[in-house]
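Below: one structure, written as C-alpha cells.
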Amino acid sequence: MATFQSLPGFRDFYPDDFARRKHICDLWRRTAHAFGFAEYDAPVLEPLELYKAKSGDEVEGQLFSFTDKGGREVALRPEMTPTVCRLVGAKANALKRPIKWFNIGEFYRYERMQKGRGRSFFQLNADIFGEPGPEAEIELIALLVQSLCAFGLTEQDFYIRLSDRNLWFYYLEALGLDGSRVREMLVAVDKHEKYGDDAFKGYVEQFGPLDAGLKAKVLGFLQIKSFAALEQMFASLQSDKLPARLADWKKLLGGLDAMGLTRFVEVDLGVVRGLAYYTGFVFEAFDRKGELRALAGGGRYDDLVEKLGGPALPAVGFAIGDVTTGLLLEQRGLMPNFIQAPDVYCVIGGDAARRAAFADIHALRAAGRRVDYPMKEVAFGKQFKAAADSGAKLALIYGDDELAKGVVKIRDLSDRTEREVPRDQAQAAVRDYFSA
RNA sequence: GCGGUCAUAGCUCAGUUGGUUAGAGCACAAGAUUGUGAAUCUUGGGGUCGCGGGUUCGAGUCCCGUUGGCCGCCCCA
C-alpha cells in the first residue's frame, strides 16, 4: 500500500480518466465557441474577501482558505462568478457588448464527499453581461441544452426547469408581504420540494403562524408547471409590473421554441434557487430519471457586478459540472472508449534494422504522425501482436530481409495486406495512406 | 459537522467456531517463439491483510481507536 494518497475528495486522472475528462471539456469548449462565446481564465487563488462579499461570511466554512506568507487571507476559487464579475467590472466600459464569455476550469470546495460531489471538480461557466432582456436567457439556455446534447444526450435524458424570482416577488408583494417576509418565503419555497409543509417552519418561526389562505396561495403558485397556468394565475391580480414581465416570459419561451428547444424546458415555479443574489429568471438542469444531483444551474444576477465594486451591469450565467455530467454519460452508455492509438507501429529486427527504422520514425513524428515502436528487442511474433494491440492502422516492418532488399514492408493492420516499398519512399507511402 | 456501512495483490474477490509459510481469476512481465494478430502452456514479480493499540499460547478473523472509501443528513455558489 502506498504511503501517500491523494487528499480526500480529490481525483487522480490516470490516462483513461483524463481522456474522459478531456472529452467532456473539449465538447463544452467547441460548443461554447459555436455560440460565439469567448474563452477567458483567471487565477485559481483569490482574496477570501471576494467570496465573502458575494455570499456572506458563512461561506468560509466551505472554502479552501488560508493565510499566505504575505499575511493575505486567500481562498481557492469555489466558483467562477465573483471572478468574472471582477474581470468584467474592471473593464466594463471598454468591452464590446454583449459580453459573452466562458471558462472551463477547476474549482475547490471544502465539503463532505458524496456521489457526484467532491472537493475538486471542473465546470463550464458561461455568462452574458450587459443585456438586461430575456434575449440573454435564450442564448444561455440554448447553450446549456447544447452543452449536453453535444454528447448525444436527448430530451429523454435531461430537462431544464425554468422559473422566475421576479414573478415570485411580484406575486408575494401583491399578497401583501414585505421584503424580508418575501425572502423568508422564498427560502421555504426552495425547500418545499424536499421537506413538504415542514419547509414553512422557518417562516413560521420568524413571522408567527402562517395564514391558511396565504399558504394555500403559495402552494398553488409553486406548483405551476406551464406558462398558460401562469397567465391564468395572474389574470385576476393587479400589478403594474406584471404585464412587462409576462411579455419577457413570452419572448423567452418564444425564442426557445423557435430554436426547437421547448421539449427540453419545463416551466416550474417550484425552483427559486436559494441563493439570494439571483434577480430574475433561474434555471436548473436535471437528469430525467431523477437519480443524480443537479447537472447545471444558473440565472440572472443583475446586482452582483456592482456589489463587487464594478459598475451596474446586468448579467446572467450558468455553470455545468464534469462530475454529474460524466455520471450521466456513463449511465447512458455515451462515454466513448478512448484508445491512445498511434497511427503507425514499427516492427524492428536487429540493430542495423533499428538504425534504419529510427530515421523514418523520427521524420514521421516530426511531420506530426503518431508513431510508436518497441523500445527493446522483442520477438517478431510479439511485435506483431503489440502492433495489433496498439490500435495502429499501419505496421512498418524493418527486418533483415527488408534491409537487404532496400525496402520497408507496409502492413495494413485492418485488412492484413502487405506490400513492399523502397526505403526512401516509405515516408511518402505513409503520408499517402493517411491522406487518402 | 452528524449518522450508517465497508477496508485482504494494480482490479474483482475467497479465506471455515481464532490455528502451519494468506489464496484464485483477471491484469502486468519473462520464456516456449529473431518473420506475422485477440490462442495455448510454463514461469515470475507483486501483500508488514488500511494504520495504531488491546484480548489471546496464537489475530486477516474478536474488541477499541484512527485514517480512508461508499451511502444518507446539514450544505450545495
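Computed over heavy atoms, backbone and side chain alike; hydrogens, waters and symmetry mates excluded. In the text below, chain A, chain B and the rest are named by the order of the sequence lines, each starting its count at 1. Because the structure is predicted, anything quoted here is derived from the model rather than measured.
For the salt bridge (Lys or Arg N to Asp or Glu O under 4.0 Å) test, no residue two or more places apart in sequence or in another chain qualifies with Lys307(A). Every residue two or more places apart in sequence or in another chain was checked for a ring pair (Phe, Tyr, Trp, His ring centres under 6.0 Å) with Phe380(A), and none qualifies. Take Ser6(A) and apply the side-chain hydrogen bond (donor to acceptor under 3.5 Å, both in side chains) test, not counting sequence neighbours, and it matches no residue. A search for salt bridge (Lys or Arg N to Asp or Glu O under 4.0 Å) contacts involving Glu306(A) returns nothing, not counting sequence neighbours. For Tyr51(A), the side-chain hydrogen bond (donor to acceptor under 3.5 Å, both in side chains) criterion is met by no residue, not counting sequence neighbours. Scanning for side-chain hydrogen bond (donor to acceptor under 3.5 Å, both in side chains) contacts around Gln331(A) gives Glu291(A), with sequence neighbours left out.
Separation of the P atoms belonging to rA38(B) and rA27(B) is 14 Å when rounded to the nearest angstrom. Comparing the same atom, C1', in rG25(B) and in rA14(B) gives a spacing of 11 Å after rounding to whole Å. Straight-line distance between the P atoms of rA7(B) and rC13(B): roughly 11 Å, to the nearest whole Å. Nucleotides rG60(B) and rG50(B), compared at atom C1', are 12 Å apart to the nearest Å. Only the P atoms considered, rG52(B) is 25 Å distant from rG15(B), to the nearest whole Å. rU5(B) and rC64(B) are spaced 12 Å apart, taking the P atom of each and rounding to whole Å. rG18(B) and rC2(B): their P atoms are spaced 33 Å apart (whole Å). Taking the P atoms as reference points, rC11(B) lies 15 Å from rC51(B), given to the whole Å.
Consecutive Watson-Crick or G-U pairing (both distances under 3.5 Å) extending over three or more pairs maps onto RNA chain B as B:1-7 with B:67-73, B:10-13 with B:23-26, B:28-32 with B:40-44, B:50-54 with B:62-66.
Summarising the geometry, the separation between CG on Asp401(A) and P on rU36(B) is reported as 11 Å, rounded to the nearest angstrom. As a whole-Å value, the separation of Leu327(A) CG from rC70(B) C1' is 13 Å. Counting to the nearest Å, the P atom of rA29(B) and the CE atom of Met375(A) are 13 Å from each other. We find that CD of Gln383(A) is positioned 17 Å from P of rU33(B), with the value rounded to whole Å. Rounded to an integer number of Å, the gap from Asp351(A) CG to rU34(B) C1' is 12 Å. Lys115(A) places its NZ atom 13 Å from the P atom of rC73(B), with the value rounded to the nearest Å.
Heavy atoms of Gly399(A) sit under 4.0 angstrom from at least one base atom. Residue contacts shown for Gly9(A) are limited to sugar-phosphate atoms, with no base heavy atom under 4.0 Å away. In this structure, Lys409(A) reaches the bases: a heavy-atom distance under 4.0 Å links it to at least one base atom across the strands shown. Residue contacts for Met113(A): at a heavy-atom cut-off of 4.0 Å it reaches the sugar-phosphate backbone alone, with no base atom in range. Across all strands, Glu402(A) comes closer than 4.0 Å to base atoms (heavy-atom distances).
Residue pairs meeting the side-chain hydrogen bond (donor to acceptor under 3.5 Å, both in side chains) criterion with at least one member in residues 272-285 of chain A, sequence neighbours excluded: Lys54(A)-Tyr277(A), Arg273(A)-Glu284(A). Each salt bridge (Lys or Arg N to Asp or Glu O under 4.0 Å) pair with one or both residues in residues 311-329 of chain A, not counting sequence neighbours, appears once here: Arg11(A)-Asp322(A).
Taking the six-membered ring for Trp and the full ring otherwise, Trp168(A) and Phe221(A) have centroids separated by under 6.0 Å. Not less than 6.0 angstrom separates the ring centroid of Phe102(A) from the ring centroid of Phe35(A). Between Phe158(A) and Phe286(A), the ring center distance fails the sub-6.0 Å criterion.
Taking 4.5 Å as the limit, every side-chain heavy atom of Arg109(A) sits out of range of all side-chain heavy atoms of Arg77(A).
Distances were taken from every side-chain heavy atom of Arg112(A) (C-beta onward) to each of rU34(B), rG69(B), rG1(B); the shortest belongs to rG1(B).
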Show which side-chain atoms of residues 181-190 of chain A pair as donor or acceptor with protein atoms under 3.5 Å away, not counting sequence neighbours.
unit_1: Arg181(A); atom_1: NE; unit_2: Tyr203(A); atom_2: OH; d: 3.2
unit_1: Arg181(A); atom_1: NH2; unit_2: Tyr203(A); atom_2: OH; d: 2.9
unit_1: Asp190(A); atom_1: OD2; unit_2: Gly274(A); atom_2: N; d: 3.4

Is there any protein nitrogen or oxygen under 3.5 Å from a nitrogen or oxygen in nucleotides 37-42 of chain B, and what are the pairs?
unit_1: rG37(B); atom_1: O2'; unit_2: Arg416(A); atom_2: NH2; d: 3.1
unit_1: rG37(B); atom_1: N7; unit_2: Arg411(A); atom_2: NE; d: 3.3
unit_1: rG37(B); atom_1: N7; unit_2: Arg411(A); atom_2: NH2; d: 2.7
unit_1: rG37(B); atom_1: O6; unit_2: Arg411(A); atom_2: NE; d: 2.6
unit_1: rG37(B); atom_1: O6; unit_2: Arg411(A); atom_2: NH2; d: 3.1
unit_1: rG37(B); atom_1: N1; unit_2: Leu413(A); atom_2: O; d: 2.7
unit_1: rG37(B); atom_1: N2; unit_2: Leu413(A); atom_2: O; d: 3.2

Nucleotides 75-77 of chain B: which of its N/O atoms have a protein N/O under 3.5 Å away?
unit_1: rC75(B); atom_1: OP1; unit_2: Lys191(A); atom_2: NZ; d: 3.2
unit_1: rC75(B); atom_1: O2'; unit_2: Gln62(A); atom_2: NE2; d: 2.8
unit_1: rC75(B); atom_1: O2; unit_2: Glu111(A); atom_2: OE2; d: 3.3
unit_1: rC75(B); atom_1: O2; unit_2: Arg117(A); atom_2: NH1; d: 2.8
unit_1: rC75(B); atom_1: N3; unit_2: Arg117(A); atom_2: NH1; d: 3.1
unit_1: rC76(B); atom_1: O2'; unit_2: Arg109(A); atom_2: NH1; d: 3.4
unit_1: rC76(B); atom_1: O2; unit_2: Arg117(A); atom_2: NH1; d: 3.3
unit_1: rC76(B); atom_1: O2; unit_2: Arg293(A); atom_2: NH2; d: 2.3
unit_1: rC76(B); atom_1: N3; unit_2: Arg293(A); atom_2: NH2; d: 3.0
unit_1: rA77(B); atom_1: O5'; unit_2: Arg273(A); atom_2: NH2; d: 3.4
unit_1: rA77(B); atom_1: O3'; unit_2: Arg273(A); atom_2: NH2; d: 3.3
unit_1: rA77(B); atom_1: O2'; unit_2: Glu79(A); atom_2: OE1; d: 2.7
unit_1: rA77(B); atom_1: N7; unit_2: Arg109(A); atom_2: NH1; d: 3.4
unit_1: rA77(B); atom_1: N3; unit_2: Glu79(A); atom_2: OE2; d: 3.3

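Taking only distance into account, the side chain of Glu418(A) meets the base of rU36(B) through a donor-acceptor pair shorter than 3.5 Å. With hydrogens and angles left out, the side chain of Lys382(A) and the base of rU36(B) share no donor-acceptor pair within 3.5 Å.
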